[in-house]
Amino acid sequence: MRGTILHVDMDAFFVSVELLRHPELRGQPVVVAGLGNRGVVAAANYEARVHGVFSAMPTARARRLCPHAVFLAGDHDRYAAVSERVMAIFRSVTPLVEPISLDEAFLDVTGARRAVGDGPTIARWLRGEIQQTEQLTCSVGVATSKLVAKLASEAAKPRIRGGRVEPGEGIRVVPPGGERDFLHPLPARALWGVGPKTWERLERLGVHTVGDIAGLPVDTLVRTLGAAHGRHLSDLSHAVDSRPVVPDQRPKSVGYEETFPHDLTDQDELGREVVRMADAVALRLRRNGLAGRTVTLKVRYGDFRTMTRSLTLPSVVDDTSLIARTARDLLAAVDVAPGIRLLGVSVSALSDGAARQLSFDELELPSHDDTNGAVDQIRERFGDAAIGPASSLGDDGLRIKRRGNAAWGPS
């Protein structure tokens, strides 16, 4: 028997959560975004998409396209809390849940079919349960692989035609054996791995649909795209996707980045921002029982030139001062005179825990573990804003880094 994979995608998730707090806005175009001049759109409901507003678009452009839309700053913590409850509903059906983001996940329900029902039955139950408990809607793709399930959920979503929003099916089922019939009419860009550059090369071969890719000899794709990429796209175009649903994957990195309201040119000011971000990164590492060896600084200039600088340490770290010191050393080698638009700090090469070898100099100093432990206990009891680096103290109190919101730009 072939497995059954579900891809569940919440519909306009951030906006839908906001409409629970603002029901008076239903039926109006609503956009969650960074509200400043450098903000970007995090989510738009279908009424806003009719006017061409989509996620990742600059907020300024979205305002021009739909000036009568309601723009909301958003609340990442609230979205994360709702997401946790939705994921718990998924896990009540199967332990094999692979979250992709706050608003979507893959579920392998093969083992649940005997107890709960077949894929379409489980999909209907999930939609009903989420609607009843959270008053939110979702679209579900049911298939035998992750690729087809993902594309099926997209096909089940509401869509915009002729300047109007048409309701979606809610559930799209691709039965075993029907994968190629479903895939081949889709545009080639629907496949994972077909970005702008790949699409450019495929167009030269006369490719428009997934079926066109499937019709090309593998050797042609290998010559055009390289061995690994060419074979991978050939497999996908023939609905060959054996990747399993992997629950509880360890993240590859933990980091924060922030776009500033205006370009920063002062090394000391940027250094304080680095310390603030390093503190947030270290806190997340410790809360998740992780540590890492590679510290990376990301810098984006006002002209959008972007560069990264990394340093791999002798042992893993989860300590604020060590991460901050390393990131500041990396910043010291960066020319900030042209003006820094965005700054980020991340830690990668992750592993469990933070056992490390102390140097002789460190033996005379207070234990990093003791200091971090005390800070974490204070935050656990009184909140994240109760304690932090002195350099993060401003006129309005301690400036803390909140996960998620910075991706939308400054408000």
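Sequence positions, counted from 1, serve as the residue numbers for this chain. Just so it is clear, the model here is predicted, and its values are computed rather than measured. Heavy-atom basis, side chains included; hydrogens, waters and symmetry copies ignored.
Atom CZ of Arg26 sits in a crowded spot, with more than 12 heavy atoms from other residues, nucleotides or ligands closer than 6.0 Å. Annotation for Arg91: atom CZ counts as buried by contact number, over 12 foreign heavy atoms lying within 6.0 Å.
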task: Would you sort out whether Glu269 and Arg272 count as a side chain to side chain contact (heavy atoms under 4.5 Å, CB included), showing the intermediate values?
output: CA-CA 5 Å; Glu269 185 177 6; Arg272 289 192 290 272; 3.7 Å; yes
*Might you work through the side chain to side chain contact (heavy atoms under 4.5 Å, CB included) test for Leu20 and Leu136, ending with a clear yes or no?*
CA-CA 9 Å; Leu20 296 177; Leu136 299 171; 4.0 Å; yes
Q. Side chain to side chain donor-acceptor pair (under 3.5 Å) between Glu179 and Ser145: does it pass, once the steps are laid out?
A. CA-CA 9 Å; Glu179 293 88 357; Ser145 69; over 6 Å; no
Leu350 vs Leu285, side chain to side chain contact (heavy atoms under 4.5 Å, CB included): CA-CA, chis, key distance, verdict:
CA-CA 9 Å; Leu350 302 180; Leu285 286 171; 3.9 Å; yes
Fill in: Full working for side chain to side chain contact (heavy atoms under 4.5 Å, CB included) between Arg85 and Thr133
CA-CA 9 Å; Arg85 297 198 296 269; Thr133 60; over 6 Å; no
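Each of Thr121, Ile171, Leu107, Val86 was checked for a side chain to side chain contact (heavy atoms under 4.5 Å, CB included) with Leu126, and the lone residue meeting it is Leu107.
Ion pair Arg21/Glu18 flagged as a salt bridge, since at least one NZ, NE, NH1 or NH2 atom sits closer than 4.0 Å to an Asp/Glu carboxylate oxygen. Ion pairing between Glu273 and Arg276 holds under the 4.0 Å rule for side-chain N and carboxylate O.
Checked by atom type and distance alone, the side chain of Thr110 never pairs as donor or acceptor with a backbone atom of Gly3 at under 3.5 Å. When atom types are taken as modelled, the side chain of His7 and the backbone of Ala143 share no donor-acceptor pair closer than 3.5 angstrom. Side-chain N or O atoms of Arg49 include one that pairs as donor or acceptor with a backbone N or O of Ala44 at under 3.5 Å. Within the 3.5 Å criterion, the main-chain N or O of Val30 finds a donor-acceptor partner in the side chain of Asn45. Of the possible polar contacts, none joining the Arg78 side chain to the Gly74 backbone as a donor-acceptor pair under 3.5 Å is found. Not a single donor-acceptor pair under 3.5 Å links the side chain of Arg127 to the backbone N or O of Thr137. Proximity of a side-chain donor or acceptor of Asp108 to a complementary backbone N or O of Val245 within less than 3.5 Å is not detected. Under the 3.5 Å distance criterion, the side-chain polar atoms of Ser153 are left unmatched by any main-chain donor or acceptor of Ser139. Checking side-chain atoms of Ser234 against main-chain N and O of Arg231 turns up no donor-acceptor pair under 3.5 Å. Within the 3.5 Å criterion, the main-chain N or O of Gly27 finds no donor-acceptor partner in the side chain of Glu47.
Within the 4.5 Å cutoff, the side chain of Leu191 has heavy atoms near those of the Leu147 side chain. In this structure, Val334 and Tyr301 have side chains that are in contact, with non-hydrogen atoms separated by less than 4.5 Å. Leu205 is not listed as a side-chain neighbour of Arg201, based on a closest heavy-atom distance of 4.5 Å or more. Under the 4.5 Å side-chain criterion, counting only non-hydrogen atoms from C-beta, Leu202 is not in contact with Thr224. Inter-residue side-chain proximity for Leu102 and Phe14 is flagged as met; some heavy-atom pair is nearer than 4.5 Å. Between Ile100 and Phe106 there is a side-chain heavy-atom pair separated by less than 4.5 Å. At a threshold of 4.5 Å between non-hydrogen side-chain atoms, the residues Tyr256 and Asp279 do not count as touching. Using a 4.5 Å heavy-atom threshold, the side chains of Leu311 and Asp329 count as separate.
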With a 3.5 Å cut-off and sequence neighbours excluded, list the donor-acceptor pairs that the side chains of residues 290-299 form with protein atoms.
from: Arg293; atom 1: NE; to: Leu313; atom 2: O; distance (Å): 3.0
from: Arg293; atom 1: NH2; to: Leu313; atom 2: O; distance (Å): 2.9
from: Thr294; atom 1: OG1; to: Thr312; atom 2: OG1; distance (Å): 3.0
from: Thr296; atom 1: OG1; to: Ser310; atom 2: OG; distance (Å): 2.8
from: Lys298; atom 1: NZ; to: Glu257; atom 2: OE1; distance (Å): 3.1

List the atom pairs, donor and acceptor, that lie under 3.5 Å between side-chain atoms in residues 181-189 and the rest of the protein, sequence neighbours left out.
from: His184; atom 1: NE2; to: Ser237; atom 2: O; distance (Å): 2.9

Hey, can you pull the donor-acceptor pairs under 3.5 Å for the side chains in residues 55-73, sequence neighbours left out?
from: Thr59; atom 1: OG1; to: Gly34; atom 2: O; distance (Å): 2.7
from: Thr59; atom 1: OG1; to: Gly39; atom 2: O; distance (Å): 3.1
from: Thr59; atom 1: OG1; to: Val40; atom 2: N; distance (Å): 3.2

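How far CD of Glu169 is from CZ of Arg159: 8.0 Å, rounded to the nearest 0.5 Å. The CG atom of Leu216 sits 10.0 Å away from the CZ atom of Arg223 when rounded to the nearest 0.5 Å. Annotation: the span from Lys150 atom NZ to Ile5 atom CD1 amounts to 14.5 Å, rounded to 0.5 Å. To the nearest 0.5 angstrom, Thr326 atom OG1 is 12.5 Å from Leu331 atom CG. For the atom pair Glu258 CD and Arg38 CZ, the distance stands at 12.0 Å (nearest 0.5 Å). If you take CD1 on Ile130 and CG on Asp11, they are separated by 10.0 Å, rounding to the nearest 0.5 Å.
Considering all non-hydrogen atoms of both residues, Trp192 and Leu233 come closest at O-CD2, 3.5 Å. In terms of heavy atoms, Ile122 sits closest to Ala112 at CD1-CB, 4.3 Å. In this structure, Ile340 and Phe260 approach most closely via the heavy-atom pair O-CD1, 3.7 Å. Considering every non-hydrogen atom in both Pro247 and Leu96, the closest pair reads CG-CD2, 4.0 Å. In this structure, Val281 and Gly255 approach most closely via the heavy-atom pair CG2-CA, 3.8 Å. Here the shortest heavy-atom pairing between Val274 and Ala324 reads CG1-O, 4.2 Å.
Counted by atom type alone, Arg113 and Thr4 present one or more donor-acceptor pairs between their side chains at under 3.5 Å.
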